[in-house]
Every structure is written in structure tokens, then in C-alpha cells.
Amino acid sequence: DQPSVPRELHLGMFEIGKPLGKGKFGRVYLAKERSSGFVCALKVLHKSELQQGGVQKQVRREIEIQSNLRHPNVLRLYGHFHDSKRIFLILEFAGRGELYKHLRKEHRFPEWKASMYIAQMAAALKYLHKKHVMHRDIKPENILVGIHGEIKISDFGWSVHAPNNRRQTMCGTLDYLPPEMLKPGSGDNTYSEKVDLWSLGVLTYEFLVGEAPFEDTPVMTQRRITRADMSIPAFVSPEAKDLIKRLLVLDPEKRIPLDEIQRHPWIVKHCVKDG
Ligand SMILES: Nc1ncnc(NCCc2cnc(NC(=O)Nc3cccc(C(F)(F)F)c3)s2)c1Br
């Protein structure tokens with residue numbers, strides 16, 4: 001059949017379906033490309049809102065970074081287009097929606113499920129870090145679930161190429177911020193992709209406990225993060241506790257590397273290879 005020559009993308013090409021969710025900057029709809037029947041998710045961003053938020057260059061960076069990423073646990077960004085008022089992101093549709101909704105409904109995940117998800121996150125981060133991309137905003141709200149139950153890291157609005165010393169104003173929850181992004185070191189305040197390892201530790205804790213390890217008032221959360229001051233409940237298995245403790249380490253260089261995560265007993269014991 002004819003190789004598909006990329007046509008000029010525009011809204012009329014899509015039949016818009018049900019709303020899938022709404023982020024802080026705009027809504028997402030199920031959509032079908034009319035000529036091919038291809039199903040995707042269409043995120044609509046209003047240029048005025050992006051200007052107000054001063055984040056338009058972040059969206060450009062997201063498009064540039066994510067368009068080149070191909071991994072089963074990273075949500076695809078197929079393309080984008082805009083009209084006079086809006087920017088549209090053409091995204092892979094994740095058939096089982098937003099992970100945080102599953103987490104809230106189930107309160108917390110059984111260890112086998114949490115371990116499978118963290119193994120997939122480690123594989124995705126290994127892929128990203130090999131390309132010197134750090135996501136910088138790993139949290140349940142930025143993870144989607146595919147039709148086969150596999151997870152997909154999404155929303156690369158805060159991703160950058162490592163190393164990075166730009167100070168971005170953060171908004172949203174502090175819970176997932178690593179210490180080095182809260183108070184820059186006395187020396188160089190650059191940070192590396194190791195920031196994603198800290199967030200992976202926070203994510204592991206939240207999957208198993210149902211709340212973030214440093215959850216508190218904003219001031220107390222910052223203080224507890226910079227002291228790695230958290231306690232792990234007794235119902236968490238010793239292996240899971242060990243991995244969390246090896247990720248939530250103040251010194252970025254001392255955090256367990258991704259290769260070792262994939263070989264960690266808590267990960268290995270739950271991912272049944274054959275059958
Ligand atoms: N079932 C589903 N299947 C697929 N997708 C779904 N939802 C969309 C998930 C997203 C993926 N990528 C995104 N990207 C951004 O939002 N980027 C963005 C937007 C504004 C400002 C900024 C920033 F510049 F401020 F960071 C960055 S949202 C759902 Br529910």
C-alpha cells in the first residue's frame with residue numbers, strides 16, 4: 001500500500017470523541033484520524049494560558065524531546081499542530097487511563113503489582129537516561145496504563161537534557177522533589193538524571209503505602225525531604241524497604257543505579273520470567 005506521506009496536520013482531520021481527562025493546562029480527548037481510523041489522544045493547549053504560565057518554551061522542548069522517544073513504557077507523542085489560539089498534541093491513547101486513579105481506588109498496590117510497575121519504570125528511565133533525558137516530574141499523575149496493564153510515563157513538560165542547572169519555578173506537589181532540587185548545593189547547583197531515581201523511590205513508597213513518604217505541610221515536607229526523614233510501615237516487606245532506602249538517599253551519586261534496580265531481589269522475585 002502507498003507509504004503515508006505526512007499531510008498537513010489540522011483539526012478537521014480528527015473526529016473528536018469523549019474527554020479523557022483534564023490537566024492544569026487544558027483538556028485531553030479521545031480522537032480518531034478520519035482517513036486512517038487511527039485512534040489517539042488529542043491534548044488541547046490554549047496559547048494564552050501557556051503564555052500566562054510562561055511555559056511555552058517548555059512545551060516546545062517537550063515536543064522536541066518526546067517526538068524522538070520510542071519505548072513501550074514511554075507514551076508516544078506522534079506529532080503536533082496549532083491554530084490561531086491553540087496547540088494540539090497528538091498522543092498515544094493509553095487504554096486503561098490514569099494510574100493515579102487506580103491507586104486512589106485501590107488505596108495501595110499489592111507488592112507483586114508495585115514491583116512490576118517499578119520494573120517497567122526502571123526500564124523506561126534506563127532508556128531515557130541513555131539518551132541523557134531526565135523526566136524530572138515522575139509521579140502517579142504522570143503515569144498512564146496501556147490496554148495490557150503496562151505503564152507508560154507521560155507528560156514530558158518538565159523533561160530536559162541532563163545535566164541541567166536552570167532553576168525552573170516549580171508548581172504542584174513538592175512530595176516528589178529530590179533534595180538537590182530543593183536547596184541547590186553550596187557548589188554548582190547542577191543536578192543530573194539521578195533526580196529521577198529519588199522520585200522513583202517516592203513512587204515505590206506511595207505504591208506500597210498509599211501516601212507519599214514526606215507528605216506534610218509544605219514547609220515540613222521540604223524539611224523532611226532534605227533530611228530524608230521518613231519511616232516505612234511494618235507491613236512493607238524487607239526487600240521493598242531495602243529498595244526504597246537505596247533510592248531515597250540524599251547524595252544523588254549514592255542512589256542505587258538503574259541496572260542494580262532491575263537485579264534487586266524485590267524486582268526479580270516478583271517478575272516471573274517464563275509463564
Ligand atoms: N488515556 C489517556 N491516554 C493518553 N493521554 C492521556 N492524557 C494526556 C496525558 C499527557 C501526555 N502528555 C502531556 N503533555 C502535556 O500536558 N504537556 C504540557 C501541557 C501544558 C504545559 C506543559 C508545561 F510546559 F508547562 F510543562 C506541558 S499530557 C490519557 Br487520560
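Both counts, for ligands and for their atoms, begin at 1 and track the order of listing. Please read these numbers as outputs of a predicted model, since none were measured by experiment. Just so it is clear, the values below take in all heavy atoms, side chains as well, and ignore hydrogens, waters and symmetry mates.
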**Message:** Which residue is it: Glu106, His102, His270? I am looking for the one with a side-chain hydrogen bond (donor to acceptor under 3.5 Å, both in side chains) to Lys113.
**Reply:** Glu106

**Fill in**
Distance filter under 4.0 Å, heavy atoms only, around ligand 1 gives Leu20, Phe25, Val28, Ala41, Lys43, Leu45, Leu50, Val55, Gln58, Val59, Glu62, Leu75, Leu89, Leu91, Glu92, Phe93, Ala94, Gly97, Glu98, Leu144, Ser154, Asp155, Gly157

**Asked** Excluding sequence neighbours, so at least two apart, what forms side chain to side chain donor-acceptor pair (under 3.5 Å) with Asp155?
**Response** none

**Asked** Of all residues at least two apart in sequence or in a different chain, which pass the side-chain contact (heavy atoms from CB on, under 4.5 Å) check with Ala124?
**Response** His71, Asn73, Val74, Ile153

**Item:** Close aromatic pair by centroid cut-off 6.0 Å: Trp158 and Tyr176
**Value:** no

**Asked** In terms of the angle between their ring planes, are Trp198 and Phe214 parallel, tilted or perpendicular, with boundaries placed at 30° and 60°?
**Response** parallel

Name each donor-acceptor pair under 3.5 Å that joins a side chain in residues 225-235 to protein atoms two or more places apart or in another chain, with its distance.
unit_1, atom_1, unit_2, atom_2, d
Thr226, OG1, Gln222, O, 3.1
Thr226, OG1, Arg223, O, 2.9

